[in-house]
There are 2 protein chains.
Amino acid sequence: MGDRAGVTGMQRAELARRTGCNLETVRYYEKVGLLPEPPRTASGYRSYDSTHERRLRFVLRARELGFSLDEIRELLCLVDERDRPCAEVRDVAAVHLAVVRAKIADLKRMERVLKDVVAQCGDGTLPECPLIETLFQERNAI
Amino acid sequence: MGDRAGVTGMQRAELARRTGCNLETVRYYEKVGLLPEPPRTASGYRSYDSTHERRLRFVLRARELGFSLDEIRELLCLVDERDRPCAEVRDVAAVHLAVVRAKIADLKRMERVLKDVVAQCGDGTLPECPLIETLFQERNAI
DNA sequence: TGTGCAGTCTGTAGCAACTACAGGGTCAAG
DNA sequence: CTTGACCCTGTAGTTGCTACAGACTGCACA
């Protein structure tokens, strides 16, 4: 409970711990404009609160879903505008979904070829390795 | 035919053109030790032949299959050793296959979530965007 | 009051795997 | 003899972090 509501005065390490984010990455996200610059204590230490935590969780979650930092920046703009961003957000996600699917297709092609050649190698006692032979063949023959 | 047998005295641009490799990448592969340093003309121009082309094709093809440059270096060592590398080559490929499969699994998880939230957004007229809400939720809830 | 240690700050350098210049040299055609 | 296309080198940029070095702060314990 106390863990969820209105926390203030967090230092970087605590924010990182609470979100599971790497310590340095927090500062990096601030540098590239994904997190707002937090207020500072008298001695210059960053002082985070729940809004920072919420925003960082958003970024981390979007990264888990494979969004690039540019895409996340775009999403955050839409979130901030609050105008009726649902259609635009959906479009960003749909584009990203297409990219993810293309990557899956790529990897599946790789997987198929690799599985085949590994199988052809059998117990590895062949004099001419079929895998090596495959790799010396033309590209685009996949 | 003339395109396949014993070509000599190729310049970088021709090697790149023949293999479909980016011009700068040829030099990069040489720098990181994936291609041997070719002989030079009197004025210092690189002069490639079919063996370079063959090796470059190997590298490019392995890259297409997602092997890292380190893995390719390892494969090329095994190719050069020629001792009976089939078993070792198969092991390198098997490890890589596992990595590829893990990536596919990752991307499929992303795809599932993205597909769901995009569908939830429907025609994009909802006041509270379900995609945004999802992104603000806990991590590891995928 | 001192001292030690953990935390924070900044800037910068490193990783993969390229890609793209800038600023010069070379070479063949017209 | 000039023009343009090629070649050379080294270095800087890309993406998304991660890890340091060197200095400062802040708190507990003796």
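Letters A, B, ... mirror the listed sequences (proteins, then strands); counts begin at 1.
In this model, the phosphate group of C:dG7 is not approached by any side-chain N or O of A:R12 to a distance below 4.0 Å at OP1 or OP2. In terms of phosphate contacts, B:R46 brings no side-chain nitrogen or oxygen within less than 4.0 Å of OP1 or OP2 of D:dC7. Applying the 4.0 Å criterion to OP1 and OP2 of D:dA19, one finds that A:N22 has a side-chain N or O inside that range. Phosphate proximity of D:dT18 to A:T25: present, with a side-chain N or O under 4.0 Å from OP1 or OP2. Between A:Q11 and the phosphate of C:dT8, there is a side-chain N or O to OP1/OP2 separation shorter than 4.0 Å. Here B:Y29 reaches the OP1 or OP2 of C:dC18: one of its side-chain N or O atoms lies under 4.0 Å away.
Judged by the 6.0 Å and 45° rule, A:R61 forms no cation-pi pair with B:F136.
At whole-Å resolution of the value, CD in A:E37 and P in C:dC9 are 12 Å apart. The separation between B:I72 atom CD1 and C:dA16 atom P is 13 Å, rounded to whole Å. Separating the NZ atom of B:K103 from the P atom of C:dA16 is a distance of 14 Å, rounded to the nearest angstrom. Atom OH in B:Y28 sits about 10 Å away from atom C1' in C:dC15, given to the nearest Å. When the P atom of C:dG7 is taken as reference, atom CG of A:L23 falls 10 Å away, rounded to whole Å. Note: CZ (B:R17) to C1' (D:dA5) measures 16 Å, nearest angstrom.
Looking at the side chain of A:E24, the nearest of the listed nucleotides C:dT8, D:dA19, C:dC21 is D:dA19. Nearest to the side-chain atoms of A:S43 among the listed nucleotides D:dT25, D:dT11, C:dC9 stands D:dT25. Distance from the side chain of B:L69 is smallest for C:dC18 among the nucleotides D:dC6, C:dC18, D:dT9. When distances run from any side-chain atom of B:R40 to the nucleotides D:dC8, C:dT8, D:dC6, the shortest one goes to D:dC8. Comparing atom distances between the B:R27 side chain and each of C:dT10, D:dT11, D:dC7 picks out D:dT11 as nearest.
Using a 4.0 Å heavy-atom distance criterion, B:R63 is classed as a sugar-phosphate-only contact. Among the protein residues, B:F67 comes within range of no part of the nucleic acid, since none of its heavy atoms lies under 4.0 Å from any strand.
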Apply side chain to side chain contact (heavy atoms under 4.5 Å, CB included) to the pair A:L76 and A:V59, showing each step before the final yes or no.
-> CA-CA 9 Å; A:L76 286 169; A:V59 174; 4.1 Å; yes
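Electrostatic pairing of A:E37 and A:R46 does not count as a salt bridge here, judged by no charged N lying under 4.0 Å from a carboxylate O. Salt-bridge check for B:R55 with B:D80: passed, with a basic side-chain N closer than 4.0 Å to an acidic carboxylate O.
In this structure, A:E64 and B:M110 have side chains that are not in contact, with every pair of non-hydrogen atoms separated by 4.5 Å or more.
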List every contact pair, protein side and nucleotides 22-24 of chain D side both N or O, where the distance is under 3.5 Å.
none

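The heavy-atom pair separating B:H96 from B:L65 by the smallest distance is NE2-O, 2.7 Å.
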